[in-house]
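Lettering of chains follows the sequences in order, A, B, ..., and the numbering in each one begins at 1.
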Amino acid sequence: MTVELDKKYHPESVEERWTQFWTENRFYHADETRAGETFSIVIPPPNITGSLHIGHAFNNTLQDILTRWKRMLGFNTLWQPGTDHAGIATQNVVERQLHAEGTNRDTLGREAFVQRVWKWRDESGGTINTQLRKLGCSLDWERDRFTMDEGLSKAVREVFVSLYEEGLIYKGDYLINWCPRCHTALSDLEVEYQETQGHLYHIKYLFKDEDRSLTIATTRPETLLGDTAVAVNPEDERYRGLKGTLLILPALGREIPIIEDGYVDVSFGSGALKVTPAHDPNDFEIGRRHNLPLINVMNIDGTMNENAGPYQGLDRMECRKKLVEELKSNDLLVNIENLNHSVGHCYRCRTVIEPYVSKQWFVKTKPLAEPAVEAVRNGTTRIVPKFWENTYFEWMENIRDWCISRQIWWGHQIPAWHCGKCGTMTVARETPKSCPDCGSEELEQESDVLDTWFSSALWPFSTLGWPEKTKTLEKYYPTSVLCTGFDILFFWVARMMMMGLKFMGEVPFRHVYIHALIRDAEGQKMSKTKGNVIDPLDMMKTCGTDALRFTLAAFAAQGRDIKLAEDRIEGYRNFCNKIWNASRFVLMNLEDYRGTCKLDQSADRSPADRWILSRLNNACREVHKGLEAYNFNEAAMAAYKFVWNEFCDWYIELSKSSLFQSGSQKQVTQNVLVHVLEASLRLLHPFMPFITEEIWQKLPKEGSSIMMAPFPIYEEAKEDPKTEKDLALVMDIITSVRNIRGEMNLNPGLALNLLIKLEDPETGPMITKNIKYIMELARVREFDIGLSIEKPKVAASSVLNGIDIIVPLEGIMNFREEKNRIEKELKKIEKDIIVLSKKLSNQNFIEKAPPEVIEKDTQRQQALCQKQTKLKAHLKTIEQAIR
RNA sequence: GGGCGGGUAGCUCAGUUGGGAGAGCACCGGCCUUACAAGCCGGGGGUCACAGGUUCGAUCCCUGUUCCGCCUACCA
């Protein structure tokens with residue numbers, strides 16, 4: 001066979017072709033009717049607003065590596081794709097579009113607006129899937145799902161109604177986080193706190209019946225308009241007996257009482273706390289304890305409402321300014337302090353959130369969290385790396401009720417209906433025709449939609465068909481592993497655990513692999529505003545998808561931030577090229593080859609052949625071990641080192657002598673070459689699907705695609721430690737001669753003579769048998785080997801274990817350089833000898849260390865001393881020659 | 001306030017039953033050797049943050065200090 005390859009690998013010309021080939025042949029498709037052990041993953045559904053960023057690329061590359069690996073191992077493998085409707089994010093995108101068109105959602109009306117979002121989704125929501133295809137992700141696209149699909153919406157309703165019926169979902173007036181720009185409630189997790197430079201205002205509240213005042217401190221003076229009490233600590237001597245005394249609220253003149261509550265910190269400020277139950281979470285709690293009235297002073301857009309008296313209509317920040325001025329002019333402002341404190345912002349639009357009282361829906365999380373904690377504690381679900389378990393427990397054990405209603409239009413509308421006649425609320429799976437109480441048909445559905453994460457929490461079973469009892473669900477649930485970043489451990493992983501256990505009665509996944517987050521070379525979070533993003537699509541274009549994927553895998557060490565720099569990707573682009581050229585070499589030398597990639601069992605193989613086969617076997621073990629433990633970097637590095645440093649650097653070079661002759665050995669070498677190359681490609685395939693398929697298709701292989709070929713497996717019987725040891729010595733000899741050549745600046749083209757002096761006659765035959773390797777790779781013209789080799793006066797020399805390497809250099813010897821070289825070597829040895837002799841002369845060490853350690857060190861010391869003696873003698877002759 | 005992770009070569013990072021410190025990039029010297037200059041051969045470079053402790057022996061285990069990063073929390 002003859003195959004011509006270009007000198008360089010051109011990824012752009014091959015990648016699309018194989019994506020198409022794999023899709024057309026349905027290799028990505030999982031067949032739930034097929035027998036066999038299953039392996040399943042659900043993708044963390046990307047937002048439909050999203051475009052592939054480096055985090056997606058990383059997350060999905062790891063999942064694809066696992067998926068392709070397991071598929072090649074013969075598992076019935078499903079990687080479930082899908083996208084998330086991303087309520088607030090998507091609504092914001094479409095609202096921005098409307099704004100640019102000079103209109104808004106209120107003008108459009110709810111129905112038209114939602115239609116508009118669907119239209120946007122149909123046109124633009126598929127971008128990320130196209131990009132995932134380009135990345136080579138072997139997702140079963142035939143099963144693509146969307147959180148607002150009919151089936152998934154049905155699952156959402158089923159879960160909502162069940163939880164409601166069980167009393168685990170409730171509705172009520174509570175203080176929630178309110179975004180005045182998005183006009184919606186947010187869950188605690190959706191608020192991001194930032195240290196902000198603010199002020200602490202000290203304000204005088206006058207007593208009603210006495211001529212004295214009490215000073216309180218606040219960072220948000222405008223909220224005082226909603227104050228309904230001032231609280232002091234019951235233990236506080238300064239305020240003893242003041243309970244029930246009335247104060248005059250500044251600005252409004254309302255009367256409010258002094259109350260006592262243990263929450264108040266005596267040491268903070270004056271020890272008196274203004275209580276605004278409608279606008280502060282702690283005050284809300286205090287208010288409930290003391291039955292204080294709630295006075296809401298704001299509108300949903302953050303402006304002041306009718307309860308703010310003269311400040312009605314002002315924005316909250318405007319109001320603050322005005323109010324402070326008025327306090328100042330009335331001599332009620334004591335002073336203003338600078339204060340750094342953290343302020344909550346909306347995670348979608350960065351607006352400062354307001355604690356706000358309103359009617360919202362909540363999930364009672366405690367009863368759901370308990371089994372979810374237990375499942376991780378008893379190992380039913382294992383979190384990798386383990387230290388994340390602590391974080392998970394910590395949060396789950398202090399979990400608070402989950403606010404699930406959002407005042408937006410894009411999402412799953414809450415399945416509750418209000419009767420216009422009698423006011424009864426009906427929560428139901430199917431849209432009711434009439435009020436079950438009074439029979440009126442005047443029903444209006446709750447306008448709120450559910451938090452996007454509510455539907456995401458059902459993802460592992462809703463995508464597989466639940467609430468129907470499908471074959472798919474039965475086959476692939478629980479899933480094998482969930483692969484995600486730690487940033488959504490609470491948002492998503494914890495909630496899937498709770499919902500999975502509640503509705504499936506079983507954990508949603510056996511393993512949770514939590515990977516690091518990708519940052520830029522300085523460790524900064526990548527963001528468009530900072531301009532430090534590495535665009536994976538650019539990288540795929542310039543370096544190839546395989547190079548990008550391999551880089552990401554090589555970086556995937558557990559539990560740390562990943563600082564990604566572009567030049568790293570270039571290194572792995574070079575690796576692709578190396579694979580390409582090694583394949584080119586193999587293919588160029590298969591012209592007269594008539595075999596396949598299968599190893600010819602009857603062949604009489606050379607030491608080099610046996611060596612590479614043993615090393616291949618070792619590489620299989622290392623790659624498998626790495627993947628098994630989610631140590632992607634170790635797996636990738638094991639494959640990398642094998643292919644580059646062993647197969648290319650040594651075996652290909654060693655194979656040349658037999659390959660370039662036309663003896664009987666040639667066919668054997670060809671067989672080993674093509675076998676090892678083919679196995680290496682299979683080993684690399686999960687990491688680098690494109691280049692491996694491209695080359696594999698040109699080999700005399702069996703099967704239609706490398707992605708359906710078996711993954712190479714380690715077998716103990718294939719180990720050949722004797723050959724490995726022999727070849728290690730041969731390679732040491734070659735390296736020594738090369739070192740002499742390099743250090744003494746000898747022309748690499750110059751053929752040398754070599755004398756090998758042995759201490760032990762047993763090694764002689766082995767070296768003689770392998771001498772052609774030494775002659776080829778070290779460029780040796782003539783050699784002599786034996787126990788009684790006479791060293792010429794003019795020669796360079798090296799000492800290995802039990803072997804002296806002597807290179808006669810009559811006429812071309814540079815004595816000074818040889819002297820430097822030997823002195824350098826001696827220095828190193830001496831250092832080691834000192835350390836070792838100290839250790840070995842330590843009585844405690846001799847008495848207490850295990851015998852095998854002592855034995856090893858003793859031998860090492862002897863060998864080093866011997867080497868030292870020989871090198872010293874050699875140095876002496878060199879020095880004499882110089883004189 | 002609580003918790004977690006980290007500090008190893010110039011840079012980015014690996015390194016578990018505690019026993020001779022590694023890789024890639026960068027650097028220096030030499031090579032277009034018929035697979036590959038995106039390559040080949042050779043080389044230099046580290047008190048493993050600091051201080052104690054356990055141990056015959058610590059990059060690794062324990063304690064403390066310090067610096068960096070992240071998560072979490074109701075100090076107005």
Side-chain angles (χ1 to χ4, degrees), chain A residues 5 7-9 193 200-201 216-220 223 231 263-265 267-269 272-276 280-286 339 341-342 385 387-388 390-391 394-395 398 486-487 489-490 516-517 519 521 523 525 543 547 554-555 557 559-565 567-568 570-589 631 633-634 637 640-641 645 648-649 652-653 656 660 734-735 738-749 776-779 821 824 832 835-836 839 842-850 852-854 856-857 860 864:
Chain A
L5 294 187
K7 269 181 108 169
K8 277 187 179 150
Y9 172 57
Y193 288 89
L200 188 61
Y201 302 84
I216 57 87
T218 179
T219 52
R220 294 180 297 150
T223 61
Y263 166 77
V264 181
D265 182 352
S267 61
F268 189 91
L273 170 72
K274 70 191 261 315
V275 183
T276 323
D280 182 278
N282 300 309
D283 296 5
F284 183 77
E285 293 301 321
I286 294 172
L339 181 76
H341 61 139
S342 51
F387 61 76
W388 285 112
N390 284 335
T391 313
E394 178 89 11
W395 190 73
N398 299 304
F486 57 78
D487 51 334
L489 183 61
F490 307 137
L517 295 186
R519 298 174 189 279
K525 222 171 191 167
C543 294
F555 266 107
R560 274 183 74 147
D561 291 346
I562 295 170
K563 292 182 200 157
L564 189 65
D567 56 353
R568 282 299 293 259
E570 273 171 40
Y572 293 109
R573 175 201 58 182
N574 297 355
F575 180 48
C576 289
N577 209 43
K578 191 73 183 176
I579 297 168
W580 185 256
N581 276 294
S583 308
R584 191 162 157 257
F585 172 83
V586 174
L587 288 164
M588 282 167 79
N589 288 288
N631 286 326
N633 58 325
E634 282 176 21
M637 287 327 289
Y640 177 93
K641 283 185 179 162
N645 302 125
C648 292
D649 288 352
I652 285 186
E653 296 305 322
K656 283 179 179 172
F660 295 166
I734 293 167
T735 305
R738 283 171 172 176
N739 172 276
I740 289 171
R741 206 189 276 279
E743 290 285 283
M744 300 192 67
N745 285 321
L746 298 175
N747 189 324
E776 291 276 333
L777 270 59
R779 220 167 251 255
R821 195 177 70 87
K824 203 158 78 181
D832 284 352
V835 172
L836 275 174
K839 205 167 163 185
N842 183 341
Q843 200 54 36
N844 280 324
F845 176 73
I846 302 298
E847 277 168 21
K848 292 180 181 165
E852 63 270 20
V853 173
I854 298 173
K856 210 172 96 187
D857 282 347
R860 238 183 87 218
L864 282 173

Subject >> P gap between B/rA35 and B/rC27, integer Å >> reply: 28 Å
Subject >> Straight-line distance of A/Leu517 CG to A/Phe486 CZ, nearest 0.5 Å >> reply: 3.5 Å
Subject >> Closest non-hydrogen atom pair, A/Ile846 against A/Ile854 >> reply: O-CD1, 3.4 Å
Original post:
Mind checking what makes ring-ring contact (aromatic ring centres under 6.0 Å, His included) contact with A/Phe490, not counting sequence neighbours?
Top reply: A/Trp395
Original post:
In whole angstrom, what separates A/Phe555's CZ from B/rU12's P?
Top reply: 11 Å
Original post:
So what does A/Lys8 touch, heavy atoms closer than 4.0 Å: a base, only the sugar-phosphate, or nothing?
Top reply: base
Original post:
Whole-Å distance between B/rC36 C1' and A/Glu570 CD?
Top reply: 17 Å
Original post:
Hey, does A/Arg573 reach any base, or is it just sugar-phosphate, or nothing, if we go heavy atoms under 4.0 Å?
Top reply: base
**OP:** Output the distance between atom OH (A/Tyr572) and atom CD1 (A/Ile579), rounded to the nearest 0.5 Å.
**Re:** 11.5 Å
Original post:
A/Phe490 has an atom CZ; how far is it from atom C1' of B/rC4, in whole Å?
Top reply: 10 Å
Original post:
Distance between the P atoms of B/rC25 and B/rA37, in whole angstroms?
Top reply: 16 Å
**OP:** Figure out the CD1/C1' separation between A/Ile579 and B/rG39, and round it to whole Å.
**Re:** 15 Å
Original post:
Which part of the nucleic acid does A/Asn842 contact within heavy-atom distance under 4.0 Å: base, sugar-phosphate only, or nothing?
Top reply: sugar-phosphate
**OP:** Between B/rA14 and B/rG5, how far apart are the P atoms? Round to whole Å, please.
**Re:** 14 Å
Original post:
Can you tell me if A/Arg573 uses its side chain to pair, donor with acceptor, with the backbone of A/Ala547 under 3.5 Å?
Top reply: no
**OP:** Would you classify A/Glu743 as touching base, sugar-phosphate or nothing, given that sugar-phosphate means primed atoms plus P, OP1 and OP2, and contacts are heavy atoms under 4.0 Å?
**Re:** sugar-phosphate
Original post:
Quick one: A/Tyr572 OH to B/rG24 P, roughly how many Å, whole number?
Top reply: 9 Å
Original post:
Which of these nucleotides, B/rC40, B/rG44, B/rG5, is closest to any side-chain atom of A/Phe387?
Top reply: B/rG5
**OP:** Could you work out the separation of B/rG43 and B/rG52 based on their P atoms and round it to a whole Å?
**Re:** 37 Å
**OP:** Measure across A/Ala582 and A/Ile652 and return the closest heavy-atom pair with its distance rounded to 0.1 Å.
**Re:** CB-CD1, 3.9 Å
Original post:
With rounding to whole Å, what would you report as the distance between B/rG6 and B/rC60 at their C1' atoms?
Top reply: 15 Å
**OP:** Name the nucleic acid region contacted by A/Cys648, choosing base, sugar-phosphate or nothing; use a 4.0 angstrom heavy-atom cut-off, strictly under.
**Re:** base
Original post:
Starting at the 5' end of RNA chain B, which residue's closest nucleotide do you reach first, A/Leu200 or A/Trp395?
Top reply: A/Trp395
**OP:** First locate atom SG of A/Cys543, then atom CG of A/Asn577, and finally report the distance between them rounded to the nearest 0.5 Å.
**Re:** 11.5 Å
Original post:
Can you name the closest pair of heavy atoms from A/Thr223 and A/Arg220 and give their distance?
Top reply: OG1-O, 2.7 Å
**OP:** Work out which heavy atom in A/Leu746 is nearest to a heavy atom in A/Ile740; give both atom names and the distance.
**Re:** CD1-O, 4.5 Å
Subject >> Distance in angstrom units between A/Leu517 CG and B/rC71 C1', rounded >> reply: 11 Å
Where do N or O atoms of nucleotides 16-20 of chain B meet protein N or O atoms at under 3.5 Å, pair by pair?
from   : atom 1 : to       : atom 2 : distance (Å)
B/rG20 : O2'    : A/Arg860 : NH2    : 3.3
B/rG20 : N2     : A/Arg860 : NE     : 2.2
B/rG20 : N3     : A/Arg860 : NE     : 2.6
B/rG20 : N3     : A/Arg860 : NH1    : 3.4
B/rG20 : N3     : A/Arg860 : NH2    : 3.4

Original post:
Any idea which of B/rC74, B/rC40, B/rG44 is nearest the A/Asn282 side chain?
Top reply: B/rC74
Original post:
Are any of A/Asn739's side-chain N or O atoms less than 4.0 Å away from OP1 or OP2 of B/rG43?
Top reply: yes
Subject >> Side-chain donor or acceptor of A/Arg741 paired with backbone N/O of A/Arg779 under 3.5 Å >> reply: yes
Is there any protein nitrogen or oxygen under 3.5 Å from a nitrogen or oxygen in nucleotides 21-23 of chain B, and what are the pairs?
none

**OP:** Determine the Euclidean distance between corresponding P atoms of B/rA26 and B/rA21; express it in Å to zero decimal places.
**Re:** 27 Å
**OP:** Any chance you could encode RNA chain B as dot-bracket? Rule is Watson-Crick or G-U wobble with both distances under 3.5 Å; [ ] for pairs crossing earlier ones, | for another strand.
**Re:** (((((((..((((.....[..)))).(((((.......))))).....(((((..]....))))))))))))....
Subject >> From B/rG42, B/rG43, B/rA38, nucleotide with atom closest to A/Lys824 side chain >> reply: B/rG43
**OP:** Would you sort out whether A/Arg821 and A/Met744 count as a side chain to side chain contact (heavy atoms under 4.5 Å, CB included), showing the intermediate values?
**Re:** CA-CA 8 Å; A/Arg821 195 177 70 87; A/Met744 300 192 67; 4.3 Å; yes
Subject >> Rounded distance in Å between the P positions of B/rC28 and B/rC67 >> reply: 38 Å
Subject >> Under-4.0 Å side-chain N/O to phosphate OP1/OP2 contact, A/Asn577 with B/rG39 >> reply: no
Original post:
Within the structure shown, what part of the strands sits under 4.0 Å from A/Phe575 by heavy-atom distance: base, sugar-phosphate, or nothing?
Top reply: nothing
**OP:** Using modelled atom types only, decide if a donor and an acceptor are shared between the side chain of A/Asn739 and the backbone of A/Thr735 within a distance under 3.5 Å.
**Re:** no
**OP:** Check ring-ring contact (aromatic ring centres under 6.0 Å, His included) between A/Tyr9 and all other residues, then give those that pass, not counting sequence neighbours.
**Re:** A/Trp580
If you restrict it to nitrogen or oxygen atoms, what contacts under 3.5 Å exist between nucleotides 30-34 of chain B and the protein, and what is each distance?
none

Original post:
What heavy-atom pair brings A/Cys648 and A/Lys578 nearest, and what distance separates the two atoms?
Top reply: CB-CE, 3.7 Å
**OP:** Ignoring hydrogens and angles, answer whether the base of B/rC36 and the side-chain atoms of A/Lys7 contain a donor-acceptor pair closer than 3.5 Å.
**Re:** no
**OP:** Rounded off to whole Å, could you give me the OH-to-P distance for the A/Tyr9 and B/rC36 pair?
**Re:** 19 Å
Original post:
Hey, what do you get for CG (A/Leu489) to CG (A/Asp487), rounding to the nearest 0.5 Å?
Top reply: 9.5 Å
Original post:
Using a cut-off of 4.0 Å on non-hydrogen atoms, how would the nucleic acid contact of A/Leu489 be classed: base, sugar-phosphate, or nothing?
Top reply: nothing
Original post:
Mind checking the C1' distance from B/rG10 to B/rC71? Whole angstroms is fine.
Top reply: 33 Å
Original post:
A/Phe486 CZ to B/rC70 P: how many Å, rounded?
Top reply: 10 Å
Original post:
Base, sugar-phosphate, or nothing: which does A/Glu653 touch, judged by heavy atoms less than 4.0 Å apart?
Top reply: base
Original post:
Between A/Ser267 and A/Ser583, which has a closest nucleotide on RNA chain B that is more 5'?
Top reply: A/Ser583
